[in-house]
Amino acid sequence: MDDLIKIIIAGLDNAGKTSILTALDKKYDFRKDIISLTPTIRVEYHATEFLRNRVVFWDMGGQEKYREIYEKKQDIYFSGTDLLLFVIDIQDTERFDTTLEYLDMILQNFLKQKLEVPLIITFHKFDPDIHDAEKIILAVNQLRERIINKYHMFKILFQQTSIYDIISIVQLISYGLSVFDEKFFELSTLLENYLEEFKCKSLILFDKNGIIISEFYSSIIEPQIYIEFLESIKEHLFLLKRMQEEEYEAACNFSTIGNELLSYLHKIEIGGQSFFTSVIIQENYKDAFLEKFSDFLIDLRALLEPLV
């Protein structure tokens with residue numbers, strides 16, 4: 001294990017911080033766990049591994065009494081932060097100003113300490129059945145502009161997430177972790193090149209925990225197959241979770257999705273660690289894909305070995 005990565009997950013109470021971590025951990029069948037969640041008391045810690053690094057998420061309770069403690073003892077809570085993941089409940093529009101005040105307190109501390117901490121802001125609870133969607137989207141866009149204008153000195157990535165979209169949760173954490181090694185740019189380029197070679201719809205590399213290490217998608221995903229496409233990626237996440245929890249082993253062959261798509265999940269071992277390549281492809285490109293897949297694995301192994 002090379003490094004310890006500290007990720008602060010902050011936001012107001014009821015923003016959905018712990019729900020995000022619960023969904024990330026469970027991958028499926030997690031909604032009953034989220035319903036029974038109670039407010040986080042001060043800080044809870046969640047540890048995982050990402051490549052050869054140990055990652056600790058600091059899930060910081062967002063109630064006002066805890067925010068006051070964090071402000072008084074900023075050196076204790078915010079020193080050594082490698083990544084700030086700030087969660088904003090987009091349905092809680094009446095507290096946007098309070099949210100920005102809290103964000104400002106954290107970022108002013110980083111500026112004071114001269115810490116160059118990357119920042120991911122997720123507009124959370126972008127749920128499918130969201131009410132007054134146009135009004136909320138307008139408010140979110142205004143909020144984004146306020147943040148960009150005031151904190152232009154920070155590297156900021158904006159995301160949209162919902163517990164009803166597990167892919168958005170996985171991508172949120174994955175994008176954050178990918179800032180810690182420039183090899184991720186090379187991985188992304190490799191996936192982009194082979195996506196064109198394979199003529200597939202998506203090419204995703206997961207670690208054993210279902211965290212996306214790198215991903216690339218076709219710029220054209222036809223509307224009639226889009227739902228099937230998303231469901232196939234979710235199924236790969238579920239299968240990874242089963243492998244982890246149940247020591248479930250299965251030959252990762254092609255599976256049929258709907259009428260047009262095939263999914264393929266391939267496991268490779270590198271440096272004692274397991275990685276999984278997820279491919280979604282149309283059936284008529286299957287043979288050409290199989291001819292070139294071994295070349296892809298050789299190139300992928302060459303990039304991953306230095307990381308593990």
Side-chain angles (χ1 to χ4, degrees), residues 3-25 34 36-48 50 53-125 139-140 143-144 146-161 163 169 172-173 175-177 179-180:
D3 295 306
L4 175 64
I5 296 173
K6 175 182 176 180
I7 300 179
I8 293 286
I9 301 186
L12 298 184
D13 52 297
N14 201 41
K17 303 179 296 297
T18 305
S19 298
I20 287 173
L21 289 174
T22 301
L24 180 70
D25 177 57
I34 289 173
S36 63
L37 286 175
T38 56
T40 299
I41 299 175
R42 196 170 296 193
V43 180
E44 292 183 0
Y45 306 95
H46 304 258
T48 188
F50 183 69
N53 303 305
R54 179 171 173 78
V55 180
V56 178
F57 296 96
W58 289 45
D59 178 11
M60 304 185 73
Q63 296 96 318
E64 184 177 2
K65 60 182 177 180
Y66 297 136
R67 302 199 306 271
E68 291 174 353
I69 293 173
Y70 306 150
E71 186 169 11
K72 291 176 182 176
K73 300 181 178 180
Q74 294 183 35
D75 290 345
I76 294 176
Y77 290 99
F78 300 114
S79 64
T81 300
D82 295 297
L83 173 70
L84 172 63
L85 199 165
F86 196 83
V87 182
I88 298 177
D89 177 358
I90 63 163
Q91 300 187 37
D92 190 7
T93 55
E94 293 183 359
R95 293 204 295 170
F96 276 179
D97 286 339
T98 305
T99 295
L100 287 185
E101 290 171 6
Y102 182 28
L103 175 64
D104 186 68
M105 182 270 285
I106 299 173
L107 296 187
Q108 290 302 330
N109 176 260
F110 291 158
L111 290 173
K112 180 181 177 181
Q113 301 298 325
K114 297 181 179 179
L115 298 175
E116 295 183 4
V117 178
L119 167 62
I120 296 181
I121 294 179
T122 179
F123 298 118
H124 192 47
K125 301 186 183 179
V140 166
L143 188 60
R144 184 200 306 260
R146 291 171 66 184
I147 293 170
I148 291 173
N149 291 335
K150 187 169 184 177
Y151 307 109
H152 55 84
M153 68 290 292
F154 285 92
K155 295 179 180 177
I156 304 177
L157 176 67
F158 293 96
Q159 294 279 98
Q160 295 179 3
T161 49
I163 61 166
I169 302 295
L172 172 68
I173 303 301
Y175 291 158
L177 291 171
V179 305
F180 296 107

Requested in this report: Report the distance from atom CD1 of Ile121 to atom CZ of Arg144, rounding to the nearest 0.5 Å.
Outcome: 9.5 Å
Query - Distance in Å, Leu84 CG paired with Leu119 CG, rounded so as to fall on 0.5 Å steps - result: 5.0 Å
Query raised in the report: If you measure from CD1 on Ile8 to CE on Met60, what distance do you get to the nearest 0.5 Å?
Result: 4.5 Å
Query raised in the report: Between atom CZ of Phe154 and atom CG of Leu115, what is the distance when rounded to the nearest 0.5 Å?
Result: 8.5 Å
Report summary line: Nearest heavy-atom contact between Phe96 and Ile90 is CZ-O, 3.8 Å
Report summary line: Between the OH atom in Tyr45 and the CH2 atom in Trp58, the distance rounded to the nearest 0.5 Å is 4.5 Å
Query raised in the report: What orientation do Phe158 and Phe123 show, parallel under 30°, tilted 30 to 60°, or perpendicular over 60°?
Result: parallel
**Report entry** Any side-chain heavy-atom pair of Val56 and Lys6 under 4.5 Å
**Finding:** no
Query - 4.5 Å side-chain heavy-atom contact, Asp92 and Asn14 - result: no
Query raised in the report: Taking side chain as C-beta onward, heavy atoms only, is Ile5 less than 4.5 Å from Leu83?
Result: no
Query - Point-to-point distance, once rounded to the nearest 0.5 Å, from CD of Glu64 to CG of Leu12 - result: 10.0 Å
Below 3.5 Å, can you tabulate the donor-acceptor pairs from side chains in residues 98-107 to any protein atom, sequence neighbours excluded?
unit_1, atom_1, unit_2, atom_2, d
Thr99, OG1, Arg95, O, 3.0
Asp104, OD1, Gln108, NE2, 3.2
Asp104, OD1, Lys150, NZ, 3.3
Asp104, OD1, Tyr151, OH, 2.7

Query raised in the report: Can you name the nearest heavy-atom pair linking Lys125 to Ala15, along with the distance?
Result: CE-O, 3.7 Å
Query raised in the report: His124 and Asp89: side chain to side chain contact (heavy atoms under 4.5 Å, CB included), yes or no, with the steps?
Result: CA-CA 5 Å; His124 192 47; Asp89 177 358; 5.8 Å; no
Query raised in the report: Is the backbone of Gly62 close enough, under 3.5 Å, to the side chain of Arg67 for a donor and an acceptor to pair up by distance?
Result: yes
**Report entry** Charged N-O contact under 4.0 Å between Asp13 and Lys65
**Finding:** no
